[in-house]
Amino acid sequence: MKTLAMLAVAGITVGVVVPLAAGAEPQKASVPLRGLVAVGSIVATAAEDTMDEAVLRTTVERRFARAGITIDAASPVDLIVDVSAERDRSEDGHCTFEKFVVYLALREPVSIDRAPGETFPAITWHRQGSVSHFGSRTPKLTILDLVQQQISTFLRARGVEQQAPAEKADHP
């Protein structure tokens, strides 16, 4: 196998083919959550008037089940999913701006070199997405759509290629 090295000098790009060392493999794309088969719990929180926490938790559980990820209390790994909202209201009390943020994170025990043998919970993967709208316009994405997008991002980071279509659920 060979690899291509690029060098830019004074606005000129030069490509050089460099052979890899015998037996060396090119680096594969990172799949940071590969091998994750269970989480101990789903910690779901939602700001008031965004969506029901039970719907949020159920949505995640169903998508995980279809992807082969189980909920197992013995697992020290937790999935955190949080829906927050920012609102700016006009003087007459009508909402003129809304922004919803969905945060998804994996918290698991980790150890560090300077404290061998000790573990502590840490966020090892996280993503967030948002949707906003002004006035009475309905956002193109609903909060649940945004949750589904973040779950899809999580599953891609796990290396799941094929996913069943996202389910729709009633939510505010």
Only counting residues at least two apart or in another chain, list the ones meeting side chain to side chain contact (heavy atoms under 4.5 Å, CB included) with [X].
X      : result
Ser41  : Val43, Asp78
Thr45  : Glu53, Asp82
Ala115 : Ile112, Glu118
Pro76  : Pro109

With the 4.5 Å side-chain cut-off for hydrophobic clustering, are Ile151 and Tyr103 part of the same group?
->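 No, separate clusters.
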Find out if a path of hydrophobic residues (ILVMFWY) with successive side-chain heavy-atom gaps under 4.5 Å connects Val101 to Val147.
->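 Different clusters: Val101 never reaches Val147 through Ile, Leu, Val, Met, Phe, Trp or Tyr contacts under 4.5 Å.
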Smallest separation among heavy atoms of [X] and [Y], with atom names:
X      : Y      : value
Ala47  : Ala85  : CB-N, 3.9 Å
Gly40  : Ile71  : O-CG2, 3.9 Å
Thr119 : Ser111 : CG2-CB, 4.3 Å
Val77  : Ala38  : CB-O, 4.3 Å
Arg87  : Glu98  : NE-OE2, 2.9 Å
Ala122 : Val110 : CB-CG2, 3.6 Å

Just do the side chain to side chain contact (heavy atoms under 4.5 Å, CB included) check on Glu108 and Ser75 with the steps written out, would you?
-> CA-CA 9 Å; Glu108 56 190 323; Ser75 173; over 6 Å; no
Distance check, rounded to the nearest 0.5 Å: [X] atom [atom1] versus [Y] atom [atom2]?
X      : Y      : atom1 : atom2 : value
Arg63  : Thr59  : CZ    : OG1   : 9.5 Å
Ile69  : Arg158 : CD1   : CZ    : 4.0 Å
Met51  : Arg57  : CE    : CZ    : 11.0 Å
Thr153 : His126 : OG1   : NE2   : 13.0 Å
Asp88  : Ser132 : CG    : OG    : 12.0 Å
Leu79  : Leu104 : CG    : CG    : 4.5 Å

Would you list the pairs meeting ring pair (Phe, Tyr, Trp, His ring centres under 6.0 Å) in which at least one residue belongs to residues 104-124, sequence neighbours left out?
->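 Every pair satisfying ring pair (Phe, Tyr, Trp, His ring centres under 6.0 Å) with a residue in residues 104-124: there are none.
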With sequence neighbours excluded, give me every ring pair (Phe, Tyr, Trp, His ring centres under 6.0 Å) pair touching residues 46-86.
->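 For residues 46-86: Phe64-Phe154.
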Only one of Ile123, Leu106, Val39 clears side-chain contact (heavy atoms from CB on, under 4.5 Å) with Ile80; which?
->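 Going through Ile123, Leu106, Val39 one by one, the side-chain contact (heavy atoms from CB on, under 4.5 Å) with Ile80 is satisfied by Ile123 alone.
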